[in-house]
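Notes to accompany the following structure.
Chain identifiers are assigned alphabetically (A, B, ...) following the order of the sequence lines, protein sequences preceding nucleic acid strands; residue numbering begins at 1 within each chain. All heavy atoms count here, side chains included; hydrogens, waters and symmetry mates do not.
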Number of protein chains: 10
Amino acid sequence: MATAIVLLKIDHNKVTGTAEKLLEIPDITEVYSISGRYDLLVMIKCDQIDKIESIVTDQLLKTDGIVDSETMFAFRSYDKREGGRAISVD
Amino acid sequence: MATAIVLLKIDHNKVTGTAEKLLEIPDITEVYSISGRYDLLVMIKCDQIDKIESIVTDQLLKTDGIVDSETMFAFRSYDKREGGRAISVD
Amino acid sequence: MATAIVLLKIDHNKVTGTAEKLLEIPDITEVYSISGRYDLLVMIKCDQIDKIESIVTDQLLKTDGIVDSETMFAFRSYDKREGGRAISVD
Amino acid sequence: MATAIVLLKIDHNKVTGTAEKLLEIPDITEVYSISGRYDLLVMIKCDQIDKIESIVTDQLLKTDGIVDSETMFAFRSYDKREGGRAISVD
Amino acid sequence: MATAIVLLKIDHNKVTGTAEKLLEIPDITEVYSISGRYDLLVMIKCDQIDKIESIVTDQLLKTDGIVDSETMFAFRSYDKREGGRAISVD
Amino acid sequence: MATAIVLLKIDHNKVTGTAEKLLEIPDITEVYSISGRYDLLVMIKCDQIDKIESIVTDQLLKTDGIVDSETMFAFRSYDKREGGRAISVD
Amino acid sequence: MATAIVLLKIDHNKVTGTAEKLLEIPDITEVYSISGRYDLLVMIKCDQIDKIESIVTDQLLKTDGIVDSETMFAFRSYDKREGGRAISVD
Amino acid sequence: MATAIVLLKIDHNKVTGTAEKLLEIPDITEVYSISGRYDLLVMIKCDQIDKIESIVTDQLLKTDGIVDSETMFAFRSYDKREGGRAISVD
Amino acid sequence: MATAIVLLKIDHNKVTGTAEKLLEIPDITEVYSISGRYDLLVMIKCDQIDKIESIVTDQLLKTDGIVDSETMFAFRSYDKREGGRAISVD
Amino acid sequence: MATAIVLLKIDHNKVTGTAEKLLEIPDITEVYSISGRYDLLVMIKCDQIDKIESIVTDQLLKTDGIVDSETMFAFRSYDKREGGRAISVD
């Protein structure tokens, strides 16, 4: 499962609205409103790595309300729901 | 589901070892090795908010290899696997 | 008592006005004008954690005059007025 | 009531111990373990401004476990418990 | 003598004008144009601490030309002109 | 071609030695000594995405002399040598 | 081969368009959409060092959509395709 | 009057001791313990500009307890005690 | 010879034009377009220190195209063209 | 004339010694002790670009006392002493 995590700073008046629009993007699985310097944390999980870039560039970042972003790509996931062993991102 | 996300900078020689030790901590559900300024992203999900602090302080941060950390608390989660509606962190 | 602390950078011409509007938000207990890189520090204390996000997102951040913000969630409070022992945030 | 707020980064192995030692310092009223780039937030409230510097310099910062600190002085407090009007720090 | 030091970033076209307007504010004793990331350093010295906040918020920061600011409060002054021993800020 | 770019800060006395050791790692194609806040820029190109994490974690970061690092993953490459059209990272 | 690497932050709505326009600039050999604080990484390779400045200043930075940039000059390239030994940038 | 302002981060256990040693350096006129990211602010005033460098380099920075420093040179001083008009630093 | 060095971030469309206008300011001796977070580095050398402030404030910073600046004052110059020994800035 | 500028943070006890050692390196033409976040600014001017990297890596950065560095490469120089027109770095 190709995974990326995006930290987003949102226009103060649009946090909830932006979060809900992001949730409508198919491969976005989780959206959290978080403490800290950013406002939202978005989890992207999809079957192909190259889809991540178009999800981020062509859909996520074009969502209204986004002021700044920092994208982190998950090279390797140790997701417990899949037996807890280190599984590759492929 | 009380949720927190912790970004970790790890001693360069201990990334994999630290990631696997973190996975042994009960309420840590996912550990990702990530691109960017940090090396690991850890997801904590548990039934009570107050458990998060002791998980972070008494277990996670005491794991060998951690050089620096930044903890983000999820006030609200829009986790799709639970019907896609905004659900509160309780 | 669920507690969060919010650091706020304010439009230079609106510091006092914004501070007083924030004070009108029910669960905001203290507002300080502070030295340093931020202008105001706001204490939120309420009975339920999940209310904090809506207080921050739907009320606090929508207050006129806010230029930037950084939210810190209190996992655990050692508030002396309650016997001085570490009490959980629940 | 002279008020200062101190953000503290703590040696990962000493967070709880340091928090409890800080609580023993007379004019420290609240200690929170917080999310974000720092680990603890300390509230100092005392009757005279000039006591704050010696509390910070001669007691707080000399507590074992402190790695880094950032002190914010409260010029003005809008503490609701005292009638909700802006009160001066004197 | 209550003392605060304010670092100011100024609109490039207004440095001298802003400096001279600041000098007209009663309790501002010194204004320096400085090297570094900021453009001006302002010294505030007055007889009461609580006046500092209103000087900063209601006068200094409302002066035309200010782009950004960082305020430092002097807890303790070791001013040589007053016998060189550590004197409290009261 | 899975691609990642790693910025490295090196112990001042070991820049050339570290650069040459990095070149010996199979999937590291280019190593540049660069101006700016970092000392070396390393290009990793290999046939499978999941190999990148083990190249970075188990080989690159374990090379002697590395003080700090920042890893950037290339979601999409517009490499001209392959007909100039946007090609996916697969 | 004179080499420079430019990190670019792009207007969120123009990432793909800007990347493709950059590719049309003769001496730009590779454009990557990347994870991290920047959006694009651009490789410039040309036969003369002094051409790099005009490529960056007169063409690259004038491309629509660029919000911020950080340029790194490659003093020395260890490009494997040329026998793997350290070759000078000339 | 040649003027420079130096911000100093001090070893937590040595703040008062370092401040008093600094006061013994002839052309250091004021030392403040301050709020914010630094611990001390030092004012240097002397009759010749070139003396400032040796005061900073050969005396101030060699004082025990200093962890980090940032020096600001005052190009121009608007010191009110000298008739309030902008006076040059000479 | 009084010397100051100014780092300038320039509007992307105006780098060359701004550089040439700066060169027309009498005491600006060198202007470099540079790699890194800034775009231009300007050397100011003149016979009197106090002229530097007016050169920076009243001429340099008023030049069209400047987005941000950081000024460094040279306390002491070890310029080889003058016999290589440390000479004071006077 | 190939030109590079290096900002250096120096061990507080070694500023003057380090500056004088740097001056002994042939192609280092000027060394300034400067205000700001760094302590020294070094100018390198030599006839071939590729020599700059070995000057920086093999000589400058190996000089005792250097704590941190940031290197800026001059793509283009507008040095007035050479007729004031923009000359290329070759």
Side-chain angles (χ1 to χ4, degrees), chain F residues 1-10 15-46 49 52-53 55-56 60 63 69-89, chain G residues 1-10 15-46 49 52-53 56 60 63 69-90:
Chain F
M1 189 66 91
T3 303
I5 303 102
V6 186
L7 294 172
L8 295 171
K9 206 160 181 63
I10 307 292
V15 177
T16 307
T18 302
E20 297 190 340
K21 277 188 211 118
L22 290 168
L23 255 181
E24 292 157 20
I25 298 174
D27 293 300
I28 290 184
T29 58
E30 293 154 71
V31 175
Y32 297 100
S33 116
I34 54 172
S35 67
R37 290 169 296 142
Y38 289 95
D39 301 300
L40 294 180
L41 180 145
V42 175
M43 299 287 285
I44 302 171
K45 293 184 180 176
C46 61
I49 298 280
I52 287 191
E53 198 273 346
I55 294 166
V56 171
L60 191 155
T63 307
S69 68
E70 183 168 343
T71 308
M72 294 172 280
F73 178 72
F75 289 115
R76 176 182 293 191
S77 149
Y78 300 79
D79 178 353
K80 269 188 178 171
R81 259 161 277 178
E82 304 176 14
R85 44 176 178 66
I87 61 165
S88 301
V89 174
Chain G
M1 189 68 88
T3 304
I5 303 102
V6 186
L7 295 171
L8 296 171
K9 205 159 183 63
I10 307 292
V15 177
T16 306
T18 302
E20 297 191 340
K21 277 188 212 118
L22 289 169
L23 207 56
E24 291 157 20
I25 299 175
D27 293 300
I28 289 183
T29 58
E30 294 154 73
V31 175
Y32 298 99
S33 118
I34 54 171
S35 66
R37 292 169 296 143
Y38 289 94
D39 301 299
L40 294 180
L41 180 145
V42 175
M43 298 287 285
I44 302 171
K45 293 186 179 176
C46 61
I49 298 281
I52 288 190
E53 199 271 346
V56 171
L60 190 155
T63 307
S69 69
E70 182 168 343
T71 307
M72 295 172 280
F73 177 71
F75 289 114
R76 175 181 293 191
S77 149
Y78 301 78
D79 176 352
K80 269 190 177 169
R81 260 162 273 174
E82 302 174 16
R85 45 171 183 67
I87 62 165
S88 300
V89 171
D90 47 30

Query raised in the report: Do the side chains of D39(F) and F75(G) get nearer than 4.5 Å, heavy atoms only?
Result: no

Query raised in the report: Could you state the interatomic distance from OH (Y32(G)) to CD1 (I5(F)), rounded to the nearest 0.5 Å?
Result: 6.5 Å

Report summary line: Rounded to the nearest 0.5 angstrom, the OG-CD distance for S35(F) and E70(G) is 9.0 Å

**Report entry** Rounded distance (nearest 0.5 Å) linking atom CG of L22(F) with atom OH of Y78(G)
**Finding:** 10.0 Å

Query raised in the report: Say you draw a straight line from CD of E30(F) to OG1 of T3(G); how long is it, rounded to the nearest 0.5 Å?
Result: 8.0 Å

Query raised in the report: How long is the span from the CE atom in M72(F) to the CG atom in L40(G), to the nearest 0.5 Å?
Result: 12.0 Å

Query - Toward chain G, the part of T71(F) with a non-hydrogen atom under 4.5 Å - result: backbone

